[in-house]
Amino acid sequence: MTENPTAVPVETAVISDRGLSQKRPLNEDSMLCEVELGIFAVADGVGGAQAGEVASKTAVEVLEEAFRHQKQGEDVEDLMEIAIQRANDSIHRMSREEPSLAMMATTIVALHVSGLRVTVGHVGDSRLYRLTPGGEFRRETEDHSLVEEEMRAGRLTPEQAANHPGRNVISRAIGAEPSVEVDMHSFEVESGTIFLLCSDGITRHIPDGELSSVLINSPSLNDACVEMKRRCYERGAEDNLTAVLVRIGKAVKYADSSDEEATLIRERADFHGARTLPETPSPFLQRPFDAAGAAPPDTAPKTTDAKGASTDVESSSNPPRVERKSGGAGRAVGVLLLMLALTGLAFYVGMAFERKGLKRLA
């Protein structure tokens with residue numbers, strides 16, 4: 001990693017579209033793509049009416065402003081985390097002060113690039129993927145969602161999670177609470193690495209294996225964006241979909257570009273500084289919320305510019321709390337009853353032998 005950071009080219013491509021659902025007539029995703037500042041982000045707004053758009057737009061604007069005024073030598077990880085915390089404070093305060101913005105929140109996944117060193121920050125279920133020059137495709141973020149927490153706890157399989165009724169429930173979001181925990185980590189990459197930042201409107205329709213093949217087999221980053229949108233539309237495009245692609249260094253030719261399979265790393269490495277989820281359940285946000293009643297008529301889909309756009313994720317006045325159920329209590333009661341039965345049996349047998357002994361002595 002001895003390359004001069006200023007000499008490493010960065011190429012980008014973006015796509016943001018409201019999708020096909022009549023329940024989401026607005027695109028409440030927002031994105032940030034500032035090559036000059038080296039900062040990129042995708043935010044997926046949550047809330048009825050236009051509240052989700054306000055939340056996601058606020059998050060990316062605060063992040064951009066922080067890096068636009070970055071001081072020489074300032075720690076990037078600290079700067080990104082502070083910016084996300086400030087966005088959380090601003091969104092939460094607005095949601096409390098303005099009735100029309102009540103319960104709004106947003107996810108965010110952010111990437112800062114400085115030469116061959118990158119910093120990642122995220123909250124919620126928007127994701128960051130990395131495709132290495134060797135063709136390895138890995139997810140760099142862990143969703144803050146009900147199904148992902150249940151999977152990590154071993155209570156759900158990936159197959160069960162894919163069709164779980166609570167797959168749209170997120171456990172952490174910017175603006176939902178007065179403070180928020182941000183997952184942060186930094187690491188070095190190879191020249192030719194591609195990053196994909198995307199909202200769940202992409203990942204709900206395109207599994208990881210397909211995403212890797214799209215990136216490997218697309219002639220350009222723009223072509224990859226077009227292909228992701230095509231596949232989402234082909235499968236219903238149920239949500240707003242947004243993707244930001246960032247290639248660091250020159251494009252590489254993958255060894256097996258004709259093969260649809262890439263090496264898929266399903267679990268992110270435990271980078272220093274990455275925070276783990278707490279064991280106790282936290283308040284969950286149902287996406288989409290539904291407080292606005294009937295959705296407005298559908299409108300034609302559109303692609304936005306790199307500054308961001310907008311999700312129509314409806315809102316609820318009382319975010320549900322999901323209690324984790326465990327089958328361990330029933331098993332424990334069964335074991336206890338079995339132990340009591342065995343104890344009683346042993347006592348009865350002992351008494352019988354003792355009586356026989358007393359008769360013989362008599």
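When reading the values below, keep in mind they use all heavy atoms of this one structure, side chains included, and skip hydrogens, waters and symmetry mates.
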Could you tell me which non-hydrogen atom of [X] sits nearest to which non-hydrogen atom of [Y], and how far apart they are?
X: H205; Y: E238; value: NE2-N, 3.1 Å
X: A41; Y: V60; value: CB-CG1, 4.5 Å
X: M31; Y: S16; value: CE-CB, 3.8 Å
X: G175; Y: N88; value: N-OD1, 2.6 Å
X: L241; Y: C232; value: CD2-CB, 3.8 Å
X: G249; Y: R247; value: O-CG, 3.5 Å

So do the side chains of [X] and [Y] get within less than 4.5 Å of each other, counting heavy atoms only?
X: I216; Y: L131; answer: yes
X: R68; Y: L37; answer: yes
X: S186; Y: V118; answer: no
X: R231; Y: K229; answer: no
X: L196; Y: M228; answer: yes
X: L116; Y: I248; answer: yes
X: I15; Y: E227; answer: no
X: V35; Y: T12; answer: yes

task = Start with the C-alpha distance between I194 and R130, add both sets of side-chain angles, then the distance that settles side-chain contact (heavy atoms from CB on, under 4.5 Å), and finish with yes or no.
result = CA-CA 6 Å; I194 295 176; R130 170 171 37 148; over 6 Å; no
Taking atom [atom1] of [X] and atom [atom2] of [Y], what is their separation to the nearest 0.5 Å?
X: L128; Y: E140; atom1: CG; atom2: CD; value: 6.0 Å
X: D239; Y: I202; atom1: CG; atom2: CD1; value: 10.0 Å
X: L215; Y: L245; atom1: CG; atom2: CG; value: 6.0 Å
X: E77; Y: M184; atom1: CD; atom2: CE; value: 4.5 Å
X: C198; Y: L211; atom1: SG; atom2: CG; value: 6.5 Å
X: D200; Y: R127; atom1: CG; atom2: CZ; value: 8.5 Å

State plainly whether one hydrophobic cluster holds both [X] and [Y], where clusters connect Ile, Leu, Val, Met, Phe, Trp and Tyr through side-chain heavy atoms under 4.5 angstrom apart.
X: L221; Y: V252; result: yes
X: L156; Y: I170; result: no
X: I91; Y: L32; result: yes
X: I174; Y: M94; result: yes
X: V8; Y: V189; result: yes

message = Starting from V62 and following side-chain heavy-atom contacts under 4.5 Å between hydrophobic residues (I, L, V, M, F, W, Y), which residues can be reached?
response = none
In terms of side-chain heavy atoms, does [X] have a donor or acceptor partner in [Y] at a distance below 3.5 Å?
X: Q160; Y: H164; value: no
X: E190; Y: T132; value: no
X: D125; Y: T107; value: no

Test item: [X] side-chain N/O and [Y] main-chain N/O as donor-acceptor pair under 3.5 Å:
X: S199; Y: T242; value: yes
X: S218; Y: S220; value: no
X: D75; Y: D78; value: yes
X: T58; Y: V54; value: yes
X: Q85; Y: I82; value: no
X: D143; Y: S145; value: no

query = Can you check side-chain contact (heavy atoms from CB on, under 4.5 Å) on T119 and L111, steps first, answer last?
reply = CA-CA 6 Å; T119 298; L111 173 73; over 6 Å; no
key: Neighbour count >12 (heavy atoms, 6.0 Å) for atom CD, E36   =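 Not buried by this count: 12 neighbours or fewer within 6.0 Å.
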Heavy atoms from other residues, nucleotides or ligands near CZ of R86 exceed 12 (cutoff 6.0 Å) = no
ask   = Should V76 and Q70 be marked as a side-chain contact (heavy atoms from CB on, under 4.5 Å) after you check the CA-CA gap, both sets of side-chain angles, and the distance that decides it?
value = CA-CA 9 Å; V76 173; Q70 181 182 5; 3.7 Å; yes
Looking at [X] and [Y], does any basic side-chain N land under 4.0 Å from a carboxylate oxygen?
X: D183; Y: R172; value: yes
X: R152; Y: E150; value: no
X: R235; Y: E210; value: yes
X: R230; Y: D223; value: no

inquiry  = So that I know where these two stand, are F137 and Y129 an aromatic pair - ring centroids less than 6.0 Å apart?
reply    =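 Centroid distance F137-Y129: below 6.0 Å, so yes.
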Salt bridge (Lys or Arg N to Asp or Glu O under 4.0 Å) partners of residues 87-105, not counting sequence neighbours, each pair once =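 Matches after skipping sequence neighbours: D89-R93.
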key: CA sep, side-chain torsions, deciding dist, call: E65, H69, side chain to side chain donor-acceptor pair (under 3.5 Å)   = CA-CA 6 Å; E65 187 71 11; H69 295 92; 3.3 Å; yes
key: Test log, rule side-chain contact (heavy atoms from CB on, under 4.5 Å), inputs H112 and S114   = CA-CA 7 Å; H112 181 265; S114 178; 3.9 Å; yes
